[in-house]
Amino acid sequence: MRNANEENLTDAVLAKLEGASDPRFKEIMSSLIRHLHAFIRETELTEKEWLTGIEFLTATGKKCDDKRQEYILLSDTLGVSMLVDAINHRKPGGATETTVLGPFYVRGAKDMPMWADIARRVAGEPAYVSGRVLDVNGRPIAGAVLDVWQTDGEGFYDVQRPGGNERYARGKFTTGADGRYGLRTVKPVSYPIPTDGPVGKMLLGMGRHPYRPAHVHVIATAPGYERVATHLFVEGDEYLDSDAVFGVKRSLVVDFKDHPAGPTPDGSKSAVPFCTAEFDFKLVRS
Ligand SMILES: [Fe+2]
């Protein structure tokens with residue numbers, strides 16, 4: 001290829017894919033090249049802006065380590081994660097909807113019995129979350145596992161704490177024959193996604209806030225059913241309509257009801273006010 005110019009350059013680069021043996025790789029690269037070139041033509045990107053982009057991506061990579069994933073944050077804040085989620089989890093009506101996994105999931109949470117407290121010694125208002133795991137026809141699913149994680153009452157995940165080695169506010173719960181689950185925790189609170197990196201600077205430049213509405217993360221699995229990675233959002237949260245990562249779905253917003261000190265859903269008593277939330281997960285056959 002000689003005499004590459006504004007008009008013929010895209011075709012010239014696409015032609016270089018002829019030797020690609022994996023058809024899906026070829027399809028993805030060809031689309032990426034076409035859209036990337038179209039973006040540069042549309043914006044008439046300057047050389048300085050091009051370099052700013054290169055430096056931004058470099059800084060994003062440098063911010064990543066075993067506890068921090070700045071590229072996922074970038075994907076989340078640009079709505080890419082939710083778009084991929086939407087395309088890959090087209091569910092029939094009535095099934096529990098999915099949302100972003102987020103960067104704070106840690107494999108290997110402990111198995112816990114019904115009504116175990118996942119947030120002992122953790123700051124926050126006591127909360128009791130319960131419900132059932134059902135199929136889309138409303139029949140209970142026995143042996144379903146809910147892998148749960150969330151922030152403490154100050155808006156921090158365990159892995160964000162200095163050192164980040166002590167695990168809290170995580171647990172796995174398995175349903176019995178009636179499909180029921182119940183757990184004790186603290187009421188989650190809204191929190192800002194990390195803003196000390198390039199993605200934070202990008203949000204600032206866009207005039208956007210970094211907050212996510214309060215939520216409990218859950219991955220629901222059961223043999224013979226599709227896995228669902230989702231959140232339970234707290235009704236009334238001020239960021240429900242402006243989630244920094246576009247993750248809110250109306251069907252996932254749950255009322256966390258306030259109660260004075262007294263009897264709790266696990267059959268004991270709380271000496272302090274607490275709240276309760278109920279949510280039924282509905283899974284689709286795989
Ligand atoms: Fe989260």
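Along the sequence shown, the residues carry numbers beginning at 1. Both counts, for ligands and for their atoms, begin at 1 and track the order of listing.
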Discussion item. For a distance under 2.8 Å, tell me if His231 has an N/O/S atom near the Fe ion (ligand 1).
Written reply: no

Response to the item:
The single option from Arg161, Arg121, Arg120 that satisfies side-chain hydrogen bond (donor to acceptor under 3.5 Å, both in side chains) with Tyr168 is Arg161

Item to complete: Please name the atom of His215, restricted to N, O or S, that is closest to the Fe ion (ligand 1).
Response: NE2

Discussion item. Is the distance between the ring centroids of Trp149 and Tyr105 under 6.0 Å?
Written reply: yes

Fill in: Angle, OH of Tyr191 through the Fe ion (ligand 1) to OH of Tyr157 - 10° precision
100°

Practice prompt. Can you measure from OG1 (Thr60) to CD (Gln69) and round to the nearest 0.5 angstrom?
Written response: 10.0 Å

Worksheet item: Within less than 2.8 Å of the Fe ion (ligand 1), any N, O or S from Thr151?
Response: no

Practice prompt. Could you verify whether a donor N or O on one side chain and an acceptor N or O on the other, from Tyr191 and His215, lie under 3.5 Å apart?
Written response: yes

